[in-house]
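To start, the structure itself, in structure tokens.
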Amino acid sequence: MTLIGATILLTGVTLETRGRVLVDRVLVAVAALGFAPVVYELSLGQVTLLIAAALYPVVRHEDAFRNGLPMGIVLAVAPKPMLLPLLAWMLVWRRRALVTALLGALTLTSVGVVLYGTDQYATWASVLTGAGRESVAGTFALSLVGNFSLWPLDPVRIVVATAVGAVALWTILQDSSRGFVAALLAGLLLAPYTGLYAASILLLAVKPALAFAPRATRVLALMANLSLALLLALAAWSVIGLAACFPSVRSRSIWVSVRANRRHG
């Protein structure tokens, strides 16, 4: 899994830096490999970079049915809650790909149920619903040690989580690029459990984020490579990133103008 993840990462860097001089491409690769979540991802052999690879054709290409198939496979075999805001984004901006993704996930899940029964799915559901709660046996269904999301929810965190969801949804409805980045950040914040490695999916956010918030993206990227700072405050870092995605009055006016021009011309 480490080798697969590293291959995906280097392939992604190659695609994202096409047209740039060699030294820039090398520096981007070094920065990506030094990103603390990526270090954890590759060390632990997690699947986040596989999810990112499945999302790549959906995000970087036009809306087409074929582009949603890898996402459907991911939804079937690694149905992580952090993907829910991304599905909302796809519902607005990638509807054809979403149809294929949902049909693919439903088909593969049905095959899994027929071949292996429902026990593994019941276990998966119990892990999610039991996050942070002590089981009858006296052990935790899912340890929250190292969790960087807003869970477990208390009254204050419920308010913050509601605000995160509202900002993400509004941003998704307003703009595709901003909405995509907001969906990634909201997914990390709102999932019952977010390990540091899960933030490696944010590598997909760098290119679109540089287009609408270049200064904030550069500052957050610099902070992200300070491993200790990210370990101590990933949730706060993500909230700042989400705030940078929120459309300003000026950007909303531009968006409305573009939509009007499309209708009339």
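- In this structure the side chain of Tyr116 never reaches within 4.5 angstrom of the side chain of Tyr121, judged on heavy atoms.
- With rounding to the nearest 0.5 Å, the separation of CG in Leu83 from CD1 in Ile201 is 6.0 Å.
- Annotation for Leu3: atom CG does not count as buried by contact number, only 12 or fewer foreign heavy atoms lying within 6.0 Å.
- Although no hydrogens or angles enter the test, the distance criterion places no donor-acceptor pair under 3.5 Å between the side chain of Thr171 and the main chain of Arg178.
- When all heavy atoms of Ala244 and Ala213 are compared, the closest pair comes out as O-CB, 4.2 Å.
- Counting only distance, with no hydrogens or angles, the side chain of Glu41 and the backbone of Gly5 share no donor-acceptor pair below 3.5 Å.
- Judged purely by atom type and a 3.5 angstrom limit, Thr2 has no side-chain atom pairing as donor or acceptor with the backbone of Ser43.
- No donor-acceptor pair closer than 3.5 Å links the side chain of Thr109 to the backbone N or O of Leu106.
- When all heavy atoms of Ala97 and Met90 are compared, the pair lying nearest together is C-CE, 3.8 Å.
- A 4.5 Å side-chain heavy-atom check between Val74 and Leu50 finds every atom pair outside the cut-off.
- Note: Leu108 CG to Ile73 CD1 = 6.5 Å, rounded to the nearest 0.5 Å.
- No side-chain heavy atom of Leu86 sits under 4.5 Å from any side-chain heavy atom of Val58.
- The shortest non-hydrogen separation linking Val13 to Arg25 is CG1-O, 4.0 Å.
- At a threshold of 4.5 Å between non-hydrogen side-chain atoms, the residues Val206 and Leu202 do not count as touching.
- The backbone N or O of Ile172 sits less than 3.5 Å from a side-chain atom of Trp93, completing a donor-acceptor pair.
- Side-chain atoms of Val47 and Lys80, non-hydrogen and from C-beta on, do get closer than 4.5 Å to each other.
- Here Val159 sits alone; no ILVMFWY side chain lies under 4.5 Å from its own, so it joins no hydrophobic cluster.
- A donor-acceptor pair is defined here as one N or O able to donate and one able to accept, closer than 3.5 Å; such a pair exists between the side chain of Thr217 and the backbone of Ala209.
- Remark: Thr11 OG1 to Glu16 CD distance equals 11.5 Å, nearest 0.5 Å.
- Taking a 6.0 Å sphere around CZ of Arg20, one finds it holds 12 or fewer heavy atoms contributed by other residues, nucleotides or ligands.
- Using cut-offs of 30° and 60° for the angle between ring planes, the Phe35 and Trp237 rings count as tilted.
- Closest approach of Ala52 to Leu204, counting heavy atoms only: O-CD1, 3.6 Å.
- If you chain together hydrophobic residues whose side chains sit under 4.5 Å apart, Leu75 and Leu69 never meet in one group.
- Within the 4.5 Å cutoff, the side chain of Pro81 has no heavy atoms near those of the Tyr193 side chain.
- The distance from atom CD of Gln46 to atom CG of Leu196, rounded to the nearest 0.5 Å, is 11.0 Å.
- Taking hydrophobic clusters as Ile, Leu, Val, Met, Phe, Trp and Tyr residues chained together by side-chain heavy-atom distances below 4.5 Å, Leu15 does not share a cluster with Val28.
- The shortest non-hydrogen separation linking Ala186 to Ala168 is CB-CB, 3.6 Å.
- A donor-acceptor contact shorter than 3.5 Å is absent between the side chain of Ser177 and the backbone of Pro208.
- Linking Ile, Leu, Val, Met, Phe, Trp and Tyr whenever their side-chain heavy atoms come within less than 4.5 Å leaves Leu234 and Val39 in two separate clusters.
- Judged purely by atom type and a 3.5 angstrom limit, Arg94 has no side-chain atom pairing as donor or acceptor with the backbone of Trp89.
- Without hydrogens or angle criteria, Arg157 side chain to Asp154 main chain gives no donor-acceptor distance under 3.5 Å.
- Rounding to the nearest 0.5 Å gives a distance of 11.0 Å between CG of Leu184 and CG of Leu189.
- Taking every heavy atom of both residues into account, Gly187 and Thr194 meet most closely at O-OG1, 4.5 Å.
- The distance from atom CZ of Arg96 to atom OG1 of Thr100, rounded to the nearest 0.5 Å, is 10.0 Å.
- Only one option out of Leu150, Leu84, Leu185 pairs with Leu190 in a side chain to side chain contact (heavy atoms under 4.5 Å, CB included); it is Leu150.
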Exercise for review: Check the pair Met82, Thr48 against side-chain contact (heavy atoms from CB on, under 4.5 Å), reporting the backbone distance first and the verdict last.
Suggested key: CA-CA 11 Å; Met82 72 174 186; Thr48 313; 4.2 Å; yes

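- In terms of hydrophobic clustering, with Ile, Leu, Val, Met, Phe, Trp and Tyr side chains grouped at heavy-atom distances under 4.5 Å, Phe65 and Val59 are assigned to different clusters.
- Leu49 and Ile4 fall within the same hydrophobic cluster, where Ile, Leu, Val, Met, Phe, Trp and Tyr residues are linked whenever their side-chain heavy atoms come under 4.5 Å apart, directly or through other members.
- Side-chain contact between Leu33 and Leu42: present, with at least one pair of heavy atoms (C-beta onward) separated by less than 4.5 Å.
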**Study point:** Intermediate values then yes/no, side-chain contact (heavy atoms from CB on, under 4.5 Å), Phe180 and Cys245
**Key:** CA-CA 9 Å; Phe180 171 69; Cys245 295; over 6 Å; no

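- Contact annotation: the side chain of Met223 approaches that of Val219 to within less than 4.5 Å [non-hydrogen atoms, C-beta and beyond].
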